[in-house]
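Some notes on the structure that comes next.
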Amino acid sequence: MIIQLENTISPEHLSALEEKLSAIRYQTNRVKTQYGDYIIGVGKAAFDIRSIGTMPGVRDIHQVSDAYKLVSKKWRVEDTIINLGDGIQIGTGHFAIMAGPCSIESEAQVEKTVQHLQEQGVRIMRGGVYKPRSSPYSFRGLGIDGLKMWHQKAREAGIKIITEVMMVEQIEAMADYVDIFQVGARNSQNFNLLDALGEVDKPVLLKRGISGTIDELLQAAEYIFSNGNERIMLCERGIRSYEKAYRNTMDINAIAMLKEKTHLPVIADPSHGIGLRRYVDKIALASIMAGADGVIMEVHEQPEKAFSDGQQTLSFPEASRLYKRMHQAYELREHF
Ligand code: PEP
Ligand code: MN
C-alpha cells in the first residue's frame, strides 16, 4: 500500500495513521522525495481502503502488491517528466538525445564534441570519466579532473552532462559537476550505490543489468525512489543472450513493456544495445517506435581512434543524420 501524505500533516494525524496501520499489522516505511511524502505499508491483512484514505492528512492511497510500487504506473498514472533546467525536459512529450564519446579522453576531444552537439542542437552530452572495463588493462577514464575540465566546457556551451558513477565514494565529489548520474549495467544491482543515489538531488539514469530482467530493473529503480529520489530514468542497453553475431541483444520488447509498467522515462542505448556502428541508426529508430522517450548514443570525431567502444561509435556526420531522423521518427510516432 502507498499512502501519499499532505505536506501539512500534523504529528497527531501522522501518529493516528501509523497506529491504524500497526493495528492491521502493516509494516511501514516513510519515504520523502523531492516531490512527495509517502508511507509505504507492507502487510497481508484485508482492510477497507476508505477507512485509511479518508483519514486527515492523507492525500491519496493505493494498493499495489508488486515488489516495486513507487515506480509503478499502478501508483502514478501520470508520466514523470524530469526537468534538467534551461528548458531541457525528459519524459513523455519531450524527446531527449544524449550523445558523446564512450570515454572523455582530452580537452580537444571535449571541445570538438561540444561544438558538434551545439551545432546540432543536442543539449545533453554523455561521456565516461570512470569506466567499467572488462579488462583492467584497458583505459579506465580521466577521473574527477577530467570531469571538471568537461564541466567547464559544457557549461560555457549550455550543455548538460550525464556520466557514470561507479562507487558510493565518488558521488559527493562528482555531484557539483554532473547533471545526471548514470548507473552502468554492471552496477544495476549495486544496492548500496542505488541507496546512496536515492539521497542525491540529481536525476539518475539507471541501466538494465547485463543479464537483468525487467522486474529486476524496476526493483532497482524502486531502491532509488524509496530512498528519496524520484528523478529516475530507465535505460535499455541490450542484454546478454546466446547470440554472438553482435555485442548485446537490444531488447526492444522491454521498451514497450516498461512504458506500460512504469511512469518513469525510458531511454534507449542503441550503441551498447547492438555494439556495431552500422546498425546503431536502425536500432535507435526502432527503439523510438517502441516507445523510447530518448536515446543515449556514442559519437566521436574519429571513432576509429576512440579510447573505448569505437566499433559502436558514430562519426559526427553519421550522428547528425541520425539526430534528424530520430526527431522525425518521434514526430511520426506521436501522431500514430
Ligand atoms: C557506457 O555507457 O559507456 C557503458 C559502459 O555502458 P553500460 O554500463 O551499458 O555497459
Ligand atoms: Mn561505451
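Both ligands and their constituent atoms are indexed starting at 1 by order of listing.
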**Report entry** Apart from Ile239 itself, residues in the same hydrophobic cluster as defined by side-chain heavy atoms under 4.5 Å
**Finding:** none
Requested in this report: Would you kindly say whether Gln312 and Ser271 are connected by a side-chain donor-acceptor distance under 3.5 Å?
Outcome: no
Requested in this report: May I ask you to check whether His62 and Gln4 show a side-chain donor-acceptor distance below 3.5 Å?
Outcome: no
Query raised in the report: Using a distance-only test with no angle check, is there a side-chain donor-acceptor pair under 3.5 angstrom linking Glu318 and Ser315?
Result: yes
Query raised in the report: Can you find a side-chain donor-acceptor pair between Glu6 and His13 that sits under 3.5 Å?
Result: no
Report summary line: Between Cys102 atom SG and Glu298 atom OE2, the angle centred on the Mn ion (ligand 2) rounds (to 10°) to 90°
Query raised in the report: Hey, does the side chain of Asn229 reach the backbone of Leu197 with a donor-acceptor pair shorter than 3.5 angstrom?
Result: yes
Query raised in the report: How open is the angle at the Mn ion (ligand 2) from atom OD2 of Asp309 over to atom NE2 of His272, rounded to 10 degrees?
Result: 90°
Query - Distance-only side-chain donor-acceptor flag, His151 / Asp176, under 3.5 Å - result: no
Could you pull out every N or O of ligand 1 that sits under 3.5 Å from a protein N or O, with the distance for each pair?
unit_1   : atom_1 : unit_2 : atom_2 : d
ligand 1 : 2 (O)  : Arg126 : NH1    : 2.8
ligand 1 : 2 (O)  : Arg126 : NH2    : 3.3
ligand 1 : 2 (O)  : Gln182 : NE2    : 3.0
ligand 1 : 2 (O)  : Lys207 : NZ     : 3.1
ligand 1 : 3 (O)  : Arg126 : NH2    : 2.9
ligand 1 : 3 (O)  : Lys131 : NZ     : 2.9
ligand 1 : 3 (O)  : His272 : NE2    : 3.2
ligand 1 : 3 (O)  : Glu298 : OE2    : 3.3
ligand 1 : 6 (O)  : Lys207 : NZ     : 3.0
ligand 1 : 8 (O)  : Ala185 : N      : 2.7
ligand 1 : 9 (O)  : Lys207 : NZ     : 2.8
ligand 1 : 9 (O)  : Arg237 : NE     : 2.7
ligand 1 : 9 (O)  : Arg237 : NH2    : 3.4
ligand 1 : 10 (O) : Arg186 : NH1    : 2.9
ligand 1 : 10 (O) : Arg237 : NH2    : 2.8

